[in-house]
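Here the structure is laid out as structure tokens; the discussion comes afterwards.
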Amino acid sequence: MSEPAETPTEKLAHQLLQKAAPSRTVYEDLIIVPVFAIFVALVLGGLVMLATNVSIDTIGRSYIALLTGSVGSLGAISETLTAATPLVLAGLGVAMGFRAGFFNIGAEGQVLMGGMAAVIVGFSFGGLPIYIHLPMALLAGVLVGGLYAGIAGWLRAATGAHEVISTIMLNLISFRLVDYLLKVPFIQKAGRSDPISNAVLDSATLPRLLDWVDPNMRVHAGVFLMLFMVWFCYWLLFKTTIGFEFRASGENPDAARFAGMRSGLIVVLVMALAGALAGLAGANQVLGVLGRASPGFSAGIGFNAISVALLGRSHPVGVLIAGLLFGALEAGGRQMQVDAGVSLDLIGIVQSLIIAFIAAPLLVRAVFPWGFRGKAASRKE
Amino acid sequence: MDIELRGITKRFGEVVANSGVNLSIRAGEVLGLLGENGAGKSTMMNVLSGLYRPDEGEILIDGKPVQFNGPGDGIRAGIGMVHQHFMLVPVFTVAENVVLGVEPTGPLDSLDLKTARAQVREINETYGLEVDPDALIENLPVGIQQRVEIIKVLFRSADVLIFDEPTAVLTPQEVTDFFKIVRALREAGKALVFITHKLHEILEIADRINVLRAGQIVGECLPGEKTDLELAEMMVGRPVSLEVEKKPYEPGEVLLDVKDLTILREDDSLAVDDVSFSVRRHEVVGIAGVQGNGQSALVEALAGVHRIAGGTIAFEGKDITRASARARHQMGIAHIPEDRLKNGVVANFSIAENMVLNSYYDDRYSRGVMMDWNAVNERAAEYSAAFDVRTPSIFETVNHLSGGNQQKMVVAREMSRDTKLLIAAHPTRGLDVGSIEYIHSRLMDARDEGNAVLIVSSELDEVIALSDRILVMFKGKIVAQFGAGGRPADKNDIGLAMAGAAL
Amino acid sequence: MDFKRIAKPALLAGAMVLGSAVSAFAFTACQVTDTGGIDDNGFNQTAWKGVTDAEAKFGVEGRFLESQAETDYAANINSLLASGDCGVIITVGFLMGDATKAAAEANPDQKFSIVDYAYDPTIPNVIGQVFATDQAAFLAGYLAAGMTKSGTVGTFGGINIPPVTVFMDGFAWGVDYYNKQKGTNVTVLGWDPAAKEGLFTNNFDSLDDGRTFAQNLYDEGADIVLPVAGPVGLGSAALADELGTDKLMIVGVDADQYLTNPEKNHVYLTSILKNMDATVMQVIDDAMNDHFMGGLTVGTLANNGVGLAPYHDMDSMVPADLKSEIETIKQQIIDGTITVGM
């Protein structure tokens, strides 16, 4: 112990700080596998269409439409971004939950509650300037979404009630609660007997970004919110002590507890954060796209967000990419209907195939054994 | 049945796990395979059982070359493996577990458990196993569960039995019984392979010893030819000391004072029953006992991660009975948990992240809510180097480390700061000689620097070697005390106390 | 913002050139369905029939986009706008009112038509197609009151919006008229025309709801049920099929559901026709031949925009007296002797 071991130990310590170069499999997983996955899915989707008597010509046109409708023009990109934004926001919320080991199935309800809060603030408080009114409406969505999900977090921490059950139940409650709220005279649009809210005022509307090019381009300032939140979640997860606690609790809750992390606080915090992001997604929809709330305005965003989070491997950047893919499939799928007249159900099958294959890299590797050099082989060189 | 391995090489990516290994296994003989963790013992046996395919080399059974393409091929050729971690269904009976996968069937494909039970009894009698075919696995002690694994292999008519670290989970008495079974199998003409890193066991049971280091056979000998020290040197590749060097016992003031402590398990049964003891500075107190007698709950309660039903814990004179795990950590209580993978590390985190798992909030590693990763990485590299954690980089995830290096990482985390009390549960379980030697010397250093050290271990030799005082726990109570001027720490006496005998 | 002024006409011109180059037909009629889908055996399908009829008759090309959720409305309209070849865009359903209005105002050169929505004030490039469905429903209510054995009939709607409740109003008034004429006391469950409240599934696509709601009305004694909720009513028809028509009969809506739902056609007493196919085809004709004028078309009994379907299998069960009374009432409504309403 007393020998002059300073230099060798320090030298070793220095060596240990070297990072290994990313292996070939990382590159394969991130780029080659998704490309092959899309290829396989398109071939299979084509076979399904053939089996339902769609002509080869139409299949070809529909795939071209899928591409042009998602990224083929400024308008297409605008639609892709518009569809992707709420999915990424809610997907981030679900992903943060996954990271901390919680299965938040309640994004749909949180989207609804956050959206309702944003609408109510958005049509009230007339006369405020946009730089006050819009942030207020967004914040209302964030807060209410966070509080709503926080209920599930609190139930878990205080009583041990499993969050899967409690968030599903909160979803069901939110569906009916929105139906009810939309009939409340102060919220319901004047002169209508169906459940529909007042319109959001201009001062609380997320400004459209490209309407000076073409008034039909719907992409709006929510895109910036989305990008900011991707960065924020990345920062929170990987650069802060709270993120460290989230990740440790998610990977190994026992070890986190033994290390003195406060599991009760973490569950409430992470659920509130997840709900806040989903609430923001809801606010984004009503303030940026719909301009009002009606029953079911969440349109399954909260459920798709679960797929987005899983496909994005619960990494903020992955969620962004997965959300953009979902958005592109939605916009492109619409174009498939317009250009090729393919039925909505078939489009749904093609979309699902693409997502399923990307989510199953091992399956893709199995289908194309020669396409990948694999772990063992690639490292010999 | 004789088996010959010739020039077996197995690679995982860049890692060469086995390189040109030659090995012969003969009927009616116990081959002892000695090697450190990560030396390639398990890989070789997985090659032999058909789980892995070798990149080079061949396997000959009774002189004829064979090729295994899957785990089924090994068992069909008569090679059976008894794994370190049992593969049993806890809610099934012994007979059901034995026939799982090869169920004998009666008319209309119905499960014929009667035949199964009879066959289990027959195997029982032949080898003196004494296992009730109708007992539920979850009600059986670990030693008996291991016998069920042996019956499973014999039921599939294996002539070659491979035991991977079979004694790691057994009490001293169970080890003795296990050796009897091994000898009975040898008498019956079975070929046996006994994989371990425990020197005295291999010297006791093996007929022939092969030593494996870094994927290669570095020596072959008969048990009488070498001493345990020589074998250890062969295995580790450098001179080692098997004795713990210990300075004279000069205890300081009482640091930890436990009074009337009572702890309940999750099912409200008594885990620790009205226990009182104290640990002083400059003192190592060892708690001996067969696993499941309340030691785990006691350690967890002291570390602040297990609820306390009654009694008090005082540290430096302050009552910490209700203090949180973090508060205790900050007071200078370090805890090396019993199950490192479950409780000690986050396996998918890097070494650097694990190194600060319980101190990330400290000023050294964070500013406000922001982590200071540069500081974390530098400290982690420093500690990894100082505590001999062998890894290419601190950014490597912990699940890529061998068990010994994982444990050294945990020890590094817990001991590389100002500690006053060190609680170590099974600090060397599953580790190889080199790592054990290292961790023992670190624990002694901690004691000599003025720490109070509390050690829980089921390895009686280890408890005796390290401790100044030994407490024996049985059914949640401290039933005997040895050492430090009291009753001398005799291995037999302690063993008896562990089994519940009144002294 | 000079670029803004230059870019817009340029882009529009580009789209027009592209559009005319791509399309093989002289005229393309585009339709956006509501969430029930194109094959709902009723509302959307009838409107689409107008387009297919125009395809057959005028040689135009028809094209449709299905909406899965309310969030799709604006996106679907935009997709059709972006394709650039639509001579007219027909949106089907009251709920698309806001989205259609926004699109029409942003694209004043594009011709639009919307089923079931009347803008006030009207928009120059939109024709609203509305229907005096209560007139036909009045006849159905009278018929149902005359046919019920239990003395109770029922109705439920999709969403509480005028194009739905107008059916329920007329139905209830028809029953009332029968009661007044005959001194009977047939009751209507599921809708109170005075309070404007009743039973609603709050969707236009759940067949399960259609079954449950009809079951509830049946349990309360109704032996004739009028579901006004697009394909939701197919669930009610399935229930009637299982129970048997001696226990429960269904009054169809929008199209003659005896024809559009052939598997269960025997359960329909009749259907309240809303001949959107006729008005849609008329709109396409106008748009093709530059007769297009923004405003309103109203379908009535007089112009056959609405009507009562034949009784088909039930024909023998409906008493001849009742048949002739209904014919008389129909004439009285057309000539104004009877005013349908409160």
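In what follows, chains are A, B, ... by sequence order, proteins preceding strands, each numbered from 1. Keep in mind that what you see is a predicted model, and the values were worked out from it rather than measured.
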Sort B:Val345 into side chain, backbone, both or neither according to what part of it lies under 4.5 angstrom from a heavy atom of chain A.
backbone

Would you say CZ of B:Arg417 has more than 12 non-hydrogen atoms from neighbouring residues, nucleotides or ligands within 6.0 angstrom?
yes

Flag the one option from B:Glu353, B:Arg413, B:Arg367, B:Glu378 with the top tally of heavy-atom pairs under 4.5 Å to chain A.
B:Glu353

Considering only heavy atoms, which portion of B:Ser324 lies under 4.5 Å from any heavy atom of chain A: side chain, backbone, both, or neither?
neither

Crowded around B:Asn69 CG? As in, over 12 foreign heavy atoms under 6.0 Å?
yes

In terms of heavy-atom proximity below 4.5 Å to chain A, should B:Glu300 be classed as side chain, backbone, both, or neither?
side chain

Shortest non-hydrogen contact from A:Gly260 to B:Arg326?
O-NE, 3.5 Å

Side chains of B:Leu357 and A:Met261: closer than 4.5 Å at any heavy-atom pair?
yes

Honestly, the part of B:Leu341 sitting under 4.5 Å from a heavy atom of chain A is backbone

Okay, side chain of A:Asn252, backbone of B:Lys342: is any donor-acceptor separation there less than 3.5 Å?
yes

CG (A:Leu265) with more than 12 external heavy atoms under 6.0 Å:
yes

Which answer fits B:Pro337, side chain, backbone, both or neither, if we ask what part of it has an atom under 4.5 Å from a heavy atom of chain A?
side chain

Taking side chain as everything from C-beta outward and backbone as N, CA, C, O, which of these in B:Tyr360 sits under 4.5 Å from a heavy atom of chain A? Side chain, backbone, both or neither.
both

Just verifying a value: how many Å separate A:Phe244 CZ and B:Trp373 CH2, rounded to the nearest 0.5 Å?
5.0 Å

With heavy-atom distances below 4.5 Å as the criterion, would you say the side chains of A:Glu245 and B:Tyr361 are in contact?
no

Test side chain to side chain contact (heavy atoms under 4.5 Å, CB included) on B:Met370 and A:Trp235; report intermediate values, then the result.
CA-CA 9 Å; B:Met370 291 279 289; A:Trp235 175 81; 3.1 Å; yes

Sort A:Arg262 into side chain, backbone, both or neither according to what part of it lies under 4.5 angstrom from a heavy atom of chain B.
side chain

Shortest non-hydrogen contact from A:Glu251 toward B:Asn348
OE1-ND2, 2.9 Å

Of the listed residues (B:Asp388, B:Ile351, B:Val356), which shares the most heavy-atom pairs with chain A below a 4.5 Å separation?
B:Val356

Rounded to the nearest 0.5 angstrom, the CG-CZ distance for A:Leu16 and B:Arg390 is 12.0 Å

One should read off an interatomic distance between B:Glu382 CD and A:His14 NE2, to the nearest 0.5 angstrom, of 13.5 Å

Do you know which two heavy atoms are closest between B:Asn358 and A:Ala259, and how far apart they sit?
CB-O, 3.4 Å

Closest heavy-atom contact between B:Ala381 and A:Ala13?
CB-O, 3.2 Å

Quick one, B:Asp339 and A:Phe258 - any side-chain contact, counting heavy atoms below 4.5 Å?
no

What do you reckon, is CZ of A:Phe103 surrounded by more than 12 foreign heavy atoms closer than 6.0 Å?
no

Nearest 0.5 Å, please: how far is CD1 in B:Ile394 from CD in A:Gln15?
12.5 Å

Taking all non-hydrogen atoms of both residues, which atom of A:Thr241 and which atom of B:Met371 are closest, and how far apart?
CG2-SD, 3.4 Å

